[in-house]
Amino acid sequence: MSTASPGPAQHGQRPIARVLIDSPLPQLDRLFDYGIPEALREQAVAGVRVRVPLRSAGRVADGFIVEIAPPGDYVGVLSELEEVVSAVPVLTPEVWALARKVSERAAGNANDIVRLAVPNRQVRVEKAYLAAEVQTPLAPLHPPARVQGYGDGVIETAIAARSRFAVDAIPLVAEVTPGVWVGEWAVTMAAAAAATLAGGATAILAVPDYRDQEQLASALAAVLPAQRVIRLDAKQSNPDRYRAFLRCLSDDPVVIIGNRSVVYAPAANLGLVALFDDGDPLHSEPLSPYVHTRDAALVRQEQSGCALMFLGHARSTEVERLVEVHWVRVFAPQPAVLPKVVPTAQQSSEDRLAAQARIPSTAWREARAALEFGPVLVQVARPGYAPKLSCADCKRSARCMKCEGPLGQKTSRSTPACNWCGALAVDWRCANCDGERLRFVGSGAGRTAEDLGRAFPGVRVIVADGERPILTVGAEPALIIATRGAEPIAAGGYRAVLLLDGESMIARESLRVAEDCLRWWSNAAALAARRAPIVLVGVGGALASAFVTWRQADFARSELADRRALRFPPAVRVATVTGTVQAVADAVATLGVDGPDILGPVDVEGGGVRTIVRFDYARGAEIAAALRAEVVKSAANRRRALGKAARGPVPVSLKVRFDDVEPFLEQ
DNA sequence: AGCACGCCGACT
DNA sequence: GTCGGCGTGCTC
């Protein structure tokens, strides 16, 4: 047809554009075929942003061309692309394939993954990028430094062979450039990335948080030129992020570092995906469809055939499962590096009677001796001053006068406040005995610092927690009181590490407590100098002995065996199905008679019910597809349900979430 | 989400 | 006989 008029046209055998519409609706989360007008033939390539008509003339939607294909099986009149918004192919075929597979696995929208993978367009940034298209070639690479500590060439060989492997990190700190200290894990990761680049391929490195990212960046700066390293993380401003994203599209081998969504970076010629500390909950994506970095990395490894490395001080049960099914191999430090852990399971009776009963005499001795030489780390469970308060008269726990929440205190001088609603407890009176005086219960970082400051007069005391983050401290003597996960790196390593609140950490009720505690302690222990004493206070049993003997993998193995016996994740997969009674029942019914275990339904707050579906990994794809179909069906019918039950808050009729361990947290 | 299509009660 | 109610279904 040669008419100039817009609208449907006959296309014969001309190629069509398959478009992903940017929409949160599950029923639109699939590809639509569009004709390509003559004027857009050149620009309409896979990956570009487009605007397309949807349903009726005049309405346009944004989207991406996913592929240019011969006419598909769609019979009917095709609409035509309205506009190619930008010439940059931002949704690469590889990333699209990843988004589709990952979202299918989680019964979610591919669009939601694409939103994580492709940052918002920034026109100025894009123009600058296109103008500089004649890129200056990057300087050639030096031969890379070896990956030290695992036997000569072992890691390099595994990367070159595109293996999947788990590496036990070396629990030491290292000076990468004069005055800059990082965890040895960062050195290992940087060297692995350099080896990948030397082989002509790109590496993606994902770490839990920005503190880890700083260490990794320092380690990389020591082995690679700055132009070879790209940061791509959520803390960046939109323009910075888009600029970094566009750089990833280059064909030159680079290292891309960032936190969880960096696994979706558009690397051409991917050689390695590496994760540090995959057990850290920050690797768990809080946005639908809640895909963990580890799972996305596993899918990407299969699709691209790159190497895959899990690196950490404490192996997660998920990685242990992969080890046991021989999906990943294991590398341990060669020779072994064993921190010197001193258990103090039983406190002596003198200790109990002593004024400082929280800190046993062994710990005091180690701290006192170590403070002669350098910094001492004290890990505590809670921030603030006193995590809890009670009535000084009747000893009952003090409750908020507004919402009955527990009271706590931030600093020694601040007004007590409710831990739930934040209301200040002024003119507080005990609901039980009408007492007016409060008493501190337990010690947060602040109160611990005060106690230790009194015990070690003249020693500098530094508090590091989520609110007052401190990344590094010097080599001079000081007491560093840190909440778990907020420990600074000390130049040269800590001369002693005291893990004070093991007992209360372990008292938390959760499926993962033991695993989490071992990880928190191991990560803190890895900040110690070689041979420095690490004192674990008040914890005994299998968990403590795994820590003392530095056999985290053995612990993960027995933990996984326990989960297998109980059919708990990650020994099996789970999905939660939440919504109206009817929708949940219908969805579960489609799973068939020889289907998975069905637990529930139970009522959830806000109305509706939740059912847990539990099944073996092999059935995951089938169950995800079935539940996904139900979500689409119920989304299309939702307004009907809304219309009928017009009064009161109506819950979304059906939600599905895979690999959600939350329902297993309270056992 | 929007928006069109379609089958039953009050109106010129 | 027709106008229009919103229940139902689709979007290349």
Side-chain angles (χ1 to χ4, degrees), chain A residues 1 3 5-41 43-85 89 91 93 96-97 99-100 103-104 107-115 120 287-289 579-580 582-583 586-587 590 628-656:
Chain A
M1 291 287 282
T3 62
S5 64
Q10 274 74 51
H11 280 273
Q13 293 310 300
R14 305 238 304 274
I16 52 139
R18 313 206 69 210
V19 173
L20 178 73
I21 308 270
D22 178 17
S23 160
L25 300 174
Q27 57 279 44
L28 297 189
D29 193 76
R30 58 195 174 86
L31 298 185
F32 290 86
D33 294 355
Y34 285 89
I36 304 171
E38 198 58 43
L40 300 180
R41 284 283 283 287
Q43 306 164 61
V45 298
V48 297
R49 295 178 199 270
V50 288
R51 287 167 69 77
V52 293
L54 186 62
R55 189 71 177 95
S56 53
R59 278 184 70 208
V60 284
D62 293 322
F64 297 94
I65 297 182
V66 156
E67 57 184 353
I68 302 293
D73 42 12
Y74 177 72
V75 286
V77 184
L78 291 183
S79 290
E80 297 200 314
L81 298 177
E82 172 110 358
E83 182 192 352
V84 173
V85 174
L91 180 58
W96 162 248
R100 188 172 54 178
S103 58
E104 269 171 14
N109 295 347
N111 256 304
D112 289 334
I113 302 291
V114 169
R115 260 189 290 274
N120 290 332
L287 298 173
S288 174
T580 59
Q582 191 59 52
D586 289 352
T590 63
R628 171 77 187 161
E630 287 298 305
V631 169
V632 171
K633 197 193 285 177
S634 98
N637 293 335
R638 182 169 41 174
R639 268 169 309 117
R640 188 174 359 147
L642 280 170
K644 276 181 186 155
R647 80 187 54 227
V650 180
V652 174
S653 59
L654 191 66
K655 279 194 284 195
V656 173

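In what follows, every chain begins at residue 1, and chains take the letters A, B, ... in the order their sequences are listed. Bear in mind the structure is a predicted one, so any value in this text is a computation, not a measurement.
- In this structure, NZ of A/K633 is placed 19 Å from C1' of C/dT11, rounded to the nearest angstrom.
- If you measure from atom CG of A/L28 to atom C1' of C/dT11, you get 6 Å, rounded to the nearest angstrom.
- Rounding to whole angstrom units, CG of residue A/L78 and C1' of C/dC12 are separated by 6 Å.
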Working for side-chain contact (heavy atoms from CB on, under 4.5 Å), residues A/R51 and A/V85: CA-CA 7 Å; A/R51 287 167 69 77; A/V85 174; 3.7 Å; yes
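- For the residue pair A/N120 / A/R115, no side-chain donor-acceptor distance below 3.5 Å is found, with atom types taken as modelled.
- Between the C1' atom of C/dC12 and the CD1 atom of A/I36 lies a distance of 13 Å, rounded to the nearest Å.
- We find that CZ of A/R59 is positioned 6 Å from P of B/dG2, with the value rounded to whole Å.
- Spacing between atom CD of A/E82 and atom P of C/dC12 amounts to 12 Å, rounded to whole angstrom units.
- Across all their heavy atoms, A/I21 and A/A61 have their closest contact at CG2-CB, 3.7 Å.
- Nearest heavy-atom pair, A/P24 versus A/N109, reported as atom, atom and distance to 0.1 Å: O-ND2, 3.1 Å.
- One atom, CG of A/L54, and another, C1' of B/dA1, lie 10 Å apart when rounded to the nearest Å.
- The nearest whole Å value for the distance from the CD1 atom in A/I21 to the P atom in C/dC10 is 17 Å.
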